[in-house]
Amino acid sequence: MSTLTASTPLNMENAVCAVCGDKAVSAPVVASGLDFEYDTSGDTFTMVDCPLCHTLYLNPRPTAAELSRIYPANYYSYNYDSAISPLAVKAKDFLDKRKTRGWLKHVSTKELRFLDVGCGNGRNLQILAALGYARQNLYGMEINGDTVERIRKQGFHCVQGRVEEAAKDLEEASFDLIVLLQVLEHVGSPQTVIESLAKLLKPGGVLVVETPNSQSLDVELFRKRYWGGYHFPRHWYIFNPDNLEKLAAAASLTVKEVNYLPAQSFWIYSLHHIVKEKIAIPWVVRLFNPFQNLLLLSLFTSFDIVRAKLGAKTSNMQMILLRKQELEQDDKPR
């Protein structure tokens, strides 16, 4: 029987910038905080800022052996249907269907081969199947074995494992569209992940990356400790459009489009963290649950939608990436 408790320190390791490697040896600390959301340990975590490219990264960070601890059984993505208010689920379903149609604008084939990396409960696969795309061409990738089996029983393909290894079980240059949604910030080697997925794209294939953006109003307001996008200790890298583009370019991918999406959960979690540390009254803290408080969800979703339409950056960015080789062919004289 395990003797680990929340007060037991995590095993930690040093990290380097995902874009610059070990060239930046003296990255200053820009934030420190606790696991305000799940209390998996009593450690204080520090986010540093690469002086060369301004990628933010957790240093030190938990070792791979600690993943099962920092992603506990009650982690929201493992219990999506029960963790989120039923009304919020319906609203999210509407927004997700709209977003999925947005991805499809970037591909032209009707025989779509699609891969969702970190597919969770398979909701994006179900949306595409409902739009008429063949289930045998829709793939998911997940770490959790039970989740993988459930998705396979729904008639989809699903591979198990971390991206770097699971990608080896898939055919190179075989996918028209790959989505990597709120995953890149969690991985130990974002460069390896992007390179692995780039190899799976057909010529002209599209990779959609959604990840937190460190250049936004809420980041500035809560930067030193409470910003919800730090997600201590689970977010290991936080990018901005410039350094994410550098990461993509190193994998021979070119930016087609950058969009800014609502980041309502980051706003609400930022307030949650302040209330939890400063007030510490359980029922008050529960009011700032980003998956249950429909008023705050509506407020901050609307706020970020309006801000994005007015040209402001939100803390949730979507980058549409193309294989560079295809663009170079398109640019040649005909």
Side-chain angles (χ1 to χ4, degrees), residues 37-38 40 62-84 89 92-93 96-97 99-100 103 112-131 133-172 174-201 205-212 231 233-237 265 291 316 318:
E37 296 158 37
Y38 294 96
T40 57
T63 63
E66 298 285 14
L67 291 177
S68 60
R69 182 171 167 195
I70 65 174
Y71 293 94
N74 63 330
Y75 190 59
Y76 80 94
S77 66
Y78 298 158
N79 302 277
Y80 181 86
D81 293 332
S82 60
I84 299 179
V89 169
K92 184 165 173 38
D93 284 344
D96 284 349
K97 289 175 183 177
K99 185 165 64 174
T100 302
W103 302 336
L112 179 75
R113 279 179 58 85
F114 170 82
L115 172 63
D116 185 357
V117 180
C119 60
N121 63 358
R123 58 190 290 105
N124 294 320
L125 303 175
Q126 292 283 4
I127 290 171
L128 285 169
L131 289 173
Y133 292 96
R135 288 180 180 243
Q136 65 265 27
N137 291 333
L138 303 178
Y139 288 69
M141 184 183 293
E142 258 298 339
I143 292 178
N144 184 275
D146 292 338
T147 299
V148 169
E149 286 304 313
R150 283 198 298 272
I151 291 171
R152 287 173 177 170
K153 288 177 181 178
Q154 295 169 12
F156 303 109
H157 294 281
C158 197
V159 291
Q160 182 179 356
R162 298 170 70 178
V163 179
E164 306 92 316
E165 295 302 319
K168 296 175 183 177
D169 294 330
L170 298 170
E171 182 183 355
E172 291 190 4
S174 64
F175 288 95
D176 303 288
L177 175 63
I178 300 175
V179 296
L180 184 70
L181 311 179
Q182 309 302 328
V183 172
L184 193 63
E185 62 274 16
H186 291 264
V187 303
S189 179
Q191 182 67 67
T192 304
V193 167
I194 294 293
E195 289 175 350
S196 298
L197 297 179
K199 291 177 182 178
L200 297 179
L201 287 173
V206 174
L207 172 62
V208 178
V209 178
E210 288 182 14
T211 192
H231 198 39
R234 287 160 288 273
H235 283 181
W236 290 359
Y237 291 99
S265 63
F291 307 115
N316 184 16
Q318 179 194 74

With heavy-atom distances below 4.5 Å as the criterion, would you say the side chains of [X] and [Y] are in contact?
X	Y	answer
N124	W103	yes
D116	Y139	no
L67	I70	yes
Q182	N316	yes
L201	V206	no
P62	W236	yes

Should V117 and L197 be marked as a side-chain contact (heavy atoms from CB on, under 4.5 Å) after you check the CA-CA gap, both sets of side-chain angles, and the distance that decides it?
CA-CA 9 Å; V117 180; L197 297 179; 3.8 Å; yes
Could you go through F175 and L170, starting from their C-alpha distance and side-chain angles, then the distance that decides it, and tell me whether this counts as side-chain contact (heavy atoms from CB on, under 4.5 Å)?
CA-CA 10 Å; F175 288 95; L170 298 170; 4.2 Å; yes
Is the distance between the ring centroids of H186 and Y71 under 6.0 Å?
yes
Nearest 0.5 Å please: distance from the [atom1] atom of [X] over to the [atom2] atom of [Y].
X	Y	atom1	atom2	result
Y133	I127	OH	CD1	13.0 Å
N137	L112	CG	CG	7.5 Å
T147	E149	OG1	CD	10.0 Å
I151	L138	CD1	CG	11.5 Å
E172	S174	CD	OG	8.5 Å
Y237	S189	OH	OG	7.0 Å

With no hydrogens and no angle check, is any side-chain donor or acceptor of R113 less than 3.5 Å from a backbone partner on L177?
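No, R113 side chain to L177 backbone: no donor-acceptor pair under 3.5 Å.
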Would you sort out whether T211 and E185 count as a side chain to side chain donor-acceptor pair (under 3.5 Å), showing the intermediate values?
CA-CA 6 Å; T211 192; E185 62 274 16; 2.7 Å; yes
Output a table of donor-acceptor pairs, distance under 3.5 Å, between side-chain atoms of residues 157-167 and any protein atom two or more places apart or on a different chain; print 'none' if there are none.
| from | atom 1 | to | atom 2 | distance (Å) |
| --- | --- | --- | --- | --- |
| H157 | NE2 | Q136 | O | 2.9 |
| Q160 | NE2 | I143 | O | 3.1 |

What verdict does the side-chain contact (heavy atoms from CB on, under 4.5 Å) test give for T192 and S196, after you've listed the backbone C-alpha separation in whole Å, the side-chain angles of each residue and the deciding distance to 0.1 Å?
CA-CA 6 Å; T192 304; S196 298; 4.1 Å; yes
Partner residues of R135 under the salt bridge (charged side-chain N to carboxylate O under 4.0 Å, His left out) criterion, sequence neighbours left out
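Checked R135 against salt bridge (charged side-chain N to carboxylate O under 4.0 Å, His left out); zero matches.
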Applying salt bridge (charged side-chain N to carboxylate O under 4.0 Å, His left out), name anything that partners E210, two or more places apart in sequence or on another chain.
K99
In sequence, state the C-alpha distance, the side-chain angles, and the governing distance for L180 and V208, and then conclude on side-chain contact (heavy atoms from CB on, under 4.5 Å).
CA-CA 6 Å; L180 184 70; V208 178; over 6 Å; no
Q126 and N121: side chain donor to acceptor below 3.5 Å:
no
